[in-house]
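The next block holds one structure in the form of structure tokens; read it before the comments.
We count ligands from 1, going down the list as the structure has it; atoms in each ligand are counted the same way. Since we're looking at a predicted model, the values are computed, not measured.
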Amino acid sequence: MRSDTGQVFKLEDYRPCDYLIPETDLTFRLDPDRTIVVAQLSIERRDGARAAKTPLVLDGDGLELVSLEIDGAPVSGDDYTVSPDRLSLHAPPAARSFTLTVTTRLAPAGNEALMGLYRSNGVYCTQCEAEGFRRITYFLDRPDILSVYTVRIEADRGSAPLLLSNGNPGETGPLPDGRHFAVWHDPFPKPSYLFALVAGDLAVVKDRFVTRSGRPVELGIYVEHGKQGRTAYAMDALKRSMIWDETVFGREYDLDVFNIVAVSDFNMGAMENKGLNIFNDKYVLADEDTATDADFANIEAIIAHEYFHNWTGNRITCRDWFQLCLKEGLTVYRDHEFSADQRSRAVKRIAEVRLLKGHQFPEDQGPLAHPVRPRRYREINNFYTATVYEKGSEVVRMIRTVVGAETFRQGMDLYFERHDGEAATVEDFVRAFEDVSGQDLSQFFLWYQQAGTPNVTAKASYSAADKELVLEIEQSVPPTPGESRKRLMHIPLAFGLVGPDGADMGWDHVEGATVKDGVIHLRKRKHRLRFGGIAKRPRLSLNRGFSAPVTLSVEEKRADRLFLARHDGDLYGRWQALNTLLVDTLIRSARHIRGGRDAVLPEDLVALCGDIAADDALEPAYRALALTLPSEADIAREMGSNIDPDAILAARTLLVQAIAHAHGADFEALHAEMSQAGPFSPDAESAGRRALKNVLLDYLAARGADAAPAAQHYAGATNMTDRAAALAVLVNRHAGSAETMQALADFERSYRDDPLVLDKWFQIQAAAPGPETLEAVRALAAHPAFSVANPNRLRALVGTFSSANQTGFHRADGEGYRFFGDIILAVDRKNPQVAARLATALRSWRSLEPERKAVAREALLRLASADGLSVDLRDIVERTLA
Ligand code: 0A1
Ligand code: ZN
């Protein structure tokens, strides 16, 4: 593990390197415990005398140096110093270029951090982003060092018949002692974080794609033997992604092959290594019997995301890690648009906003808040965050809103044209849009620089006499750690003035702010807009499509909100109105309950939910989303302080029951209607019907103690979506019943040899609300199929418990945190990156009610005072406590 030097990296300290490595030739002699890596690096001194006497300092991480040569001759011990973390050549040759040959020895089988070269189920694989390459060889391991790689892999033919790396395949052949080799060459200069190697015994499913200019590409998906039948959806998603990027962004693929490898031990979702994407197998493998509709949707999105990186990330990469959003925010934006085009745009947008509010808003509103482009970090692995990814994507979406769709495409074209083959910055990206639009985006640029979710308040008043609507809007950005004073933002708010028939109304003239193409551009603290020529009082539908990631509060009558929730012609706006009504109600209700009073169960809202369920004009997926009440975490976030998860759970359960009792008969009929289905298809329409059916099943089960109907659904399920949904209903609504115990046992028996499916079993049980779940989770942590070494298992059980089980994790006695702390410390010794990510579940501890707040703080202090914490975990724990 890397030693903690306490070093803080700062954006303003960026300097180009004095040396370049135009070519990198790697030879791997693979062995589980003694792999030899020979790295032959062509080193070039950058122009200028300043560099002439500069030492060459290469990064390492836990490396063992075997030998070092310059231009074929050994380097004298006096001329360099080496440690596991660094190799310094004091006085490199005077020549402008020379060849440095570095030989290192690695033990991939013992690499539990899953960074660098490691083994997953007997397969050699790599993960180099962000700084994993330095665990393979000493290198200038930074994204602005672009190099052309040639890789020769040697391995035992029996256990590793397959040898893959980036780029196009070259020579292959036999070697003595049952070994063999393969050479790969990637003609595109790339940073070291995109290097990849895979060697092992895997099955492959092949296909072909011809780009629009006629270039044939061989596609391969590599999986464990026997899993080939689960790759069809991923392959189809890949081909759809390739066509989409050509059509929508004009981007073609550029190598002869595109390979995807699925591995079962992976820290994140997937990795965009040039020509050789490596995936967490959870995001490749799917069929109706083993994957849910949510899995299918995730696979589609992640396959697309990694593929899209080929242009946004690989062809144009980042100058330094502060620019991470340049590739991530932009690529998330691209995968969101792809999914919206493949599915229902309104439904996709609502799901995105739920996710953004669920993950990014708490980050932005807590101790870990940071700008989309951070200015400093101790550990870059801790900045693969919802802010960089999801808010980063929202910022790109806003650029499109601000400059317009056509100009946005022109700006993207210009960005690709200008920076192809370069390591670029966020400034380069935004400049492309300034240049094509002629707009000054300097105020807009604050979205990259300022942390925190802006608050926007609005109030509309109508004068019938003047036929005028006055709209007062105000913005403020709350302070965040290290940024107490904020500047005013440019906030683009899409809106509509909704008339009595639900249709949008027009106006004759408007003053007080720039209003263009249905968007109000806030730039000042306060705007007073006057819309003239409006015949009747409209209702205000503001921030449509969530055009800006802000917290909005509109001062309006409840009746207007109810009207919008029924009639807003914009489906997003309609959902937003409903969501606001639900959240407000649930917050009030939770406060009542905590204060010993009755729950709040408004009849008009209960009626509205029934009407939405019954509205055939709405697609089932939309109705399912609308009927899924805000989660306990959503309610907690909106409450902001003095949170009591037990009261929140009670408020939510009572509202579910009230809706279920009021509409039981209709819900039963609709459930039956939605259950009529032909053969399984993962398409969005069919998935929407299943989603509605399963939401309704949950309502129906909430009505009483009879577990038989849910058990029947479990037994009769013909696909994993329905089976997992029925199991969750049993666990959540009929805890401890014989039917539930039986279904759990059946699921375990059926899938005990299928870890990805068994993860659902862990997950469902870990999410079961209530303080007693902790005991179940403790027992599950001792289950033979559970392992803290595997990130998917860990996330399924401990990740779910800590992030999706408010009442269990935040137990008032602090036992949830104690269990969690023990696990985190055990994981940290193996895999710091995953331990640190898991620990972020404690970030909102200050919002809890006083008793829980005190025990949460104790848990954090205990972590902070533990011996031998990794840099990763220490960084998270200390910032969370600060
Ligand atoms: N660039 C990848 C995310 C990723 C980042 C770090 C990793 O290290 C373990 C792995 C993957 C993406 O955006 O998909
Ligand atoms: Zn990415």
Side-chain angles (χ1 to χ4, degrees), residues 2 61 111-118 120 125-136 141 143 166 190-196 198 234 237-238 241 245 260-284 298-318 321 323-339 359 372 377 379-393 396 789-792 794-795 827 830-838 870 872:
R2 191 139 39 107
D61 180 358
N111 180 353
E112 293 182 294
L114 314 184
M115 289 294 287
L117 177 67
Y118 66 97
S120 174
C125 61
T126 55
Q127 173 53 43
C128 291
E129 186 177 8
E131 295 177 337
F133 193 72
R134 61 184 66 183
R135 291 164 62 88
I136 294 173
D141 190 15
N166 313 93
K190 66 169 174 289
S192 50
Y193 81 86
L194 290 173
F195 165 78
V198 171
L238 173 60
S241 307
D245 213 13
I260 289 176
V261 179
V263 299
S264 40
D265 301 88
F266 201 74
N267 284 351
M268 309 275 272
M271 179 64 210
E272 70 263 23
N273 315 301
K274 182 81 187 188
L276 179 54
N277 287 187
I278 297 181
F279 269 63
N280 184 331
D281 56 1
K282 179 178 162 65
Y283 297 117
V284 173
N298 283 333
I299 288 169
E300 179 180 79
I302 297 180
I303 291 272
H305 179 96
E306 306 310 329
Y307 175 73
F308 296 155
H309 266 314
N310 191 54
W311 275 95
T312 50
N314 300 4
R315 290 285 290 251
I316 306 182
T317 195
C318 301
W321 290 120
Q323 319 296 328
L324 186 56
C325 67
L326 177 67
K327 73 178 180 81
E328 295 305 346
L330 176 55
T331 305
V332 170
Y333 169 74
R334 278 153 51 71
D335 85 57
H336 282 179
E337 282 299 295
F338 168 72
S339 295
H359 293 125
V372 170
Y377 62 77
E379 175 50 67
I380 188 58
N381 284 335
N382 288 339
F383 284 82
Y384 288 78
T385 59
T387 298
V388 169
Y389 276 66
E390 314 301 330
K391 188 173 178 182
S393 160
V396 175
N790 178 280
N792 284 354
L794 195 63
R795 284 187 283 254
V827 176
K830 298 175 187 294
N831 190 332
Q833 194 183 357
V834 167
R837 187 163 272 265
L838 212 55
S870 67
D872 307 55

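With hydrogens and angles ignored, the 3.5 Å screen pairs a side-chain donor or acceptor of Asn314 with a backbone N or O of Glu272.
In terms of distance to the Zn ion (ligand 2), the nearest N, O or S atom of Glu328 is named OE1. If you look at His305 and ask which of its N, O or S atoms sits nearest the Zn ion (ligand 2), the answer is NE2.
Using modelled atom types, one finds no donor on one side chain facing an acceptor on the other under 3.5 Å when comparing Asn277 with Glu306.
By the side-chain contact (heavy atoms from CB on, under 4.5 Å) test, Ala113 is found to be paired with Asn111, Arg135, Pro832, residues two or more places apart in sequence or in another chain being considered. Ala386 pairs by the side-chain contact (heavy atoms from CB on, under 4.5 Å) definition with His359, Gln360, Glu363, Glu390, not counting sequence neighbours. Scanning for side-chain contact (heavy atoms from CB on, under 4.5 Å) contacts around Arg315 gives Phe188, Asp254, Lys274, Trp311, Asp420, with sequence neighbours left out.
Backbone or side-chain N, O or S atoms of Glu306 do not reach the Zn ion (ligand 2) at under 2.8 Å.
Using bins of under 30°, 30° to 60° and over 60° for the plane-to-plane angle, the ring pair Phe195/Phe133 lands in the perpendicular bin.
Of the candidates Glu129, Gln127, Arg134, Gln127 is the only one forming a side chain to side chain contact (heavy atoms under 4.5 Å, CB included) with Met115.
Ligand 1 is surrounded by Met115, Gln127, Glu129, Asn267, Met268, Ala270, Met271, Glu272, His305, Glu306, His309, Lys327, Glu328, Tyr384, Tyr389, Gln833, each with at least one heavy atom closer than 4.0 Å.
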